[in-house]
There are 2 protein chains.
Amino acid sequence: MLHATQPITRILAVEDDPLLASHLQTHLQGSGYDVTLSHDGDEGLRLATSEQFDLILMDILLPGRNGLEVLQQLRSKHGVPVVLMSALGGEQNRIAGFSQGADDYLPKPFSLGELSVRIEAILRRVAYERREQAPRESTDDLHFDEMGCDVALAGTSAGLTPSEYRVLELLWRHMDEALSKPFLYQQALRRGYAQHDRSLDMHISQIRRKLQGIGYQGARVETVWGKGYMLARLG
Amino acid sequence: MLHATQPITRILAVEDDPLLASHLQTHLQGSGYDVTLSHDGDEGLRLATSEQFDLILMDILLPGRNGLEVLQQLRSKHGVPVVLMSALGGEQNRIAGFSQGADDYLPKPFSLGELSVRIEAILRRVAYERREQAPRESTDDLHFDEMGCDVALAGTSAGLTPSEYRVLELLWRHMDEALSKPFLYQQALRRGYAQHDRSLDMHISQIRRKLQGIGYQGARVETVWGKGYMLARLG
DNA sequence: TGCAACATGACACATGACCGGCAAATGAAT
DNA sequence: ATTCATTTGCCGGTCATGTGTCATGTTGCA
């Protein structure tokens, strides 16, 4: 069940039937997801590896490369959750799908409601696992509120905007490591970096101001001249 | 398989073919359900709205009003799970059914075993959702009248409309938690959320007005900018 | 050191998305 | 036809975000 909008959940739907694809898109967008469509296996694989998605929904029977092959390629590198769909209801396919690492398998026909329920279940599980694996937070450190897109220190929240949150979260995950502008643009702002784009600088500026505003002393956003930005821990 | 714990699950089967209807009744009663038969669309709709069923099983091709129409009428008020049956196996019909809010679609011919499996699955899912959304302990607070679709405070009722009631009930069940617009649209208005849809805002506006009208002070509907709405406890 | 080229910080403003309220249109029920 | 619930369109305001400009700081080179 989707309660609040996360930093925006992105779903890649790989489905060659235009009618079904369109319905998937409409329904999932109505449920608050950012949906990208692809109509064949090769393009799907390219998108899945080049951009960042929270979940991939894929037909098995596809032109180009079939869903199981794409899944296999994906699993060799990525851990992104994958839901397979297929009209081939046979146990064979189902088992093949799961053994390749699929997270769920929907035999056609299925209802769009059913689809939503499964997707939400998987996203919930993934979020839970991530939280479990996350390094423990010390009490006097920043607290990240994934749902609310905000961070807080000892109860006072910084009032970050979603973009600011995504930037800070990236920096936080790569503590003490310089991240390039192109990388930050791609991962946090979801677009390419152009030479005179000053958006990221604005976000950095705001993040600095807001972190100072709540009196955070644990780390500082430092600029690595000509390279990018880095969140540096302070002693 | 049905639990030993009652209450008995009631199913309404709307099917004009007497032979199939009889088979459905026999089989489902054998599985422990209380089955009511109806042979045309109008009567089916009347029964579905006047009595209370846990699931409705309905043919699409019916004398009187066809299954899709009945479903549409039903969905404007009820959330009862509906399973459609049809000899028309086309994608078109299937998708039409789902987009009207059907919970499942069985292309004829189907086995009675298959039917049982699907019914079980749906009932399980609905039970699960109910549990998820179990209402919180109501103190000496608002009194929810599920049947009348209204809430009251110390005897004075707010005069909510059905939609307003469903929205408020959802917010109530998730007290102090921001609910996204897509979620509220999906759950309370039973459709997807599109960008320039103002209906929910209107309902929220009315709910605020009516709650204030009966002098309710226990909680307030707050807007979480860019996220959705939240019912926040006060005091 | 002095200078040019460029990256960055800071500010103001433009754009578009989101929200509240009103009024009118649509739809369903009687 | 009338009434009520619900949806849609519009206006004005606010917020998130991107863009343009200028000031400041850094780099590299003479």
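Below, chains carry the letters A, B, ... as their sequence lines are ordered, and counting in each starts from 1.
In this structure, the CG atom of A:L200 is 13 Å from the P atom of D:dT17, given to the nearest Å. The distance between atom OH of B:Y193 and atom P of D:dT8, rounded to the nearest whole Å, is 12 Å. In this structure, A:I204 places its CD1 atom 13 Å from P of D:dG18, rounding to the nearest Å. Rounded to whole Å, atom P of D:dT6 lies 12 Å from atom CZ of B:R190. The CD-P distance, from A:E222 to D:dT26, rounds to 13 Å in whole Å.
As judged by a 4.0 angstrom heavy-atom cut-off over every strand, B:Y165 is placed among residues making no nucleic acid contact. Heavy atoms of A:H203 sit under 4.0 angstrom from primed sugar atoms or phosphate atoms, though from no base atom. Using a 4.0 Å heavy-atom criterion, one finds that A:S199 contacts the bases of the nucleic acid, with or without backbone contacts as well.
Contact annotation: A:Q206 side-chain N/O to C:dG9 OP1/OP2 distance is not under 4.0 Å. Side-chain N/O atoms of A:S163 include none lying less than 4.0 angstrom from OP1 or OP2 on D:dA16. The shortest distance between the side-chain N/O atoms of A:K181 and the OP1/OP2 oxygens of C:dA7 is not below 4.0 Å. The phosphate of C:dC18 has OP1 or OP2 within less than 4.0 Å of a side-chain N or O from B:Q195. Distances shorter than 4.0 Å separate none of the side-chain N or O atoms of A:S205 from OP1 or OP2 on C:dT8. Contact check, B:K227 against C:dC18: no side-chain N or O comes under 4.0 Å of OP1 or OP2. Residue A:Y229 places at least one side-chain N or O closer than 4.0 Å to OP1 or OP2 of C:dG9. The shortest distance between the side-chain N/O atoms of A:R208 and the OP1/OP2 oxygens of C:dG9 is below 4.0 Å.
Of the residues near DNA chain C, A:G228 and A:R209, the one whose nearest nucleotide (by heavy atom distance) lies more toward the 5' end is A:G228. Residues B:H196 and B:L160 each lie close to DNA chain D; by heavy-atom proximity, the contact nearer the 5' end of the strand is made by B:L160.
Judged purely by distance below 3.5 Å, without hydrogens or angles, the side chains of B:T161 and B:R166 never pair a donor atom with an acceptor atom. A donor-acceptor contact closer than 3.5 angstrom is absent between the side chains of B:T223 and B:R208.
Between the base of D:dT21 and the side chain of A:R198 there is a donor-acceptor pair shorter than 3.5 Å.
With distances taken from any side-chain atom of A:W225 to the nucleotides C:dC22, D:dT26, C:dA12, the minimum falls on D:dT26. Ranking C:dA12, C:dC22, D:dT17 by closeness to the A:M202 side chain, first place goes to C:dA12. Of the candidate nucleotides D:dA16, D:dA5, C:dG20, D:dA5 has the atom nearest to the side chain of B:P162. Listed nucleotides D:dT17, C:dG20, C:dT8 differ in distance to A:T223; the shortest reach to its side chain belongs to C:dT8.
The aromatic rings of B:Y216 and B:W172 are tilted relative to each other, their planes meeting at an angle between 30° and 60°.
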TODO: Start with the C-alpha gap between B:R118 and B:D104, add the side-chain angles, then the distance that decides, and say whether salt bridge (charged side-chain N to carboxylate O under 4.0 Å, His left out) holds.
DONE: CA-CA 8 Å; B:R118 304 257 195 149; B:D104 207 347; 2.8 Å; yes
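Residue A:R220 qualifies as open at atom CZ: its count of foreign heavy atoms under 6.0 Å is 12 or below.
Look at B:K227 and A:D150 and you find no salt bridge, because none of the NZ, NE, NH1 or NH2 atoms lies under 4.0 Å from a carboxylate O.
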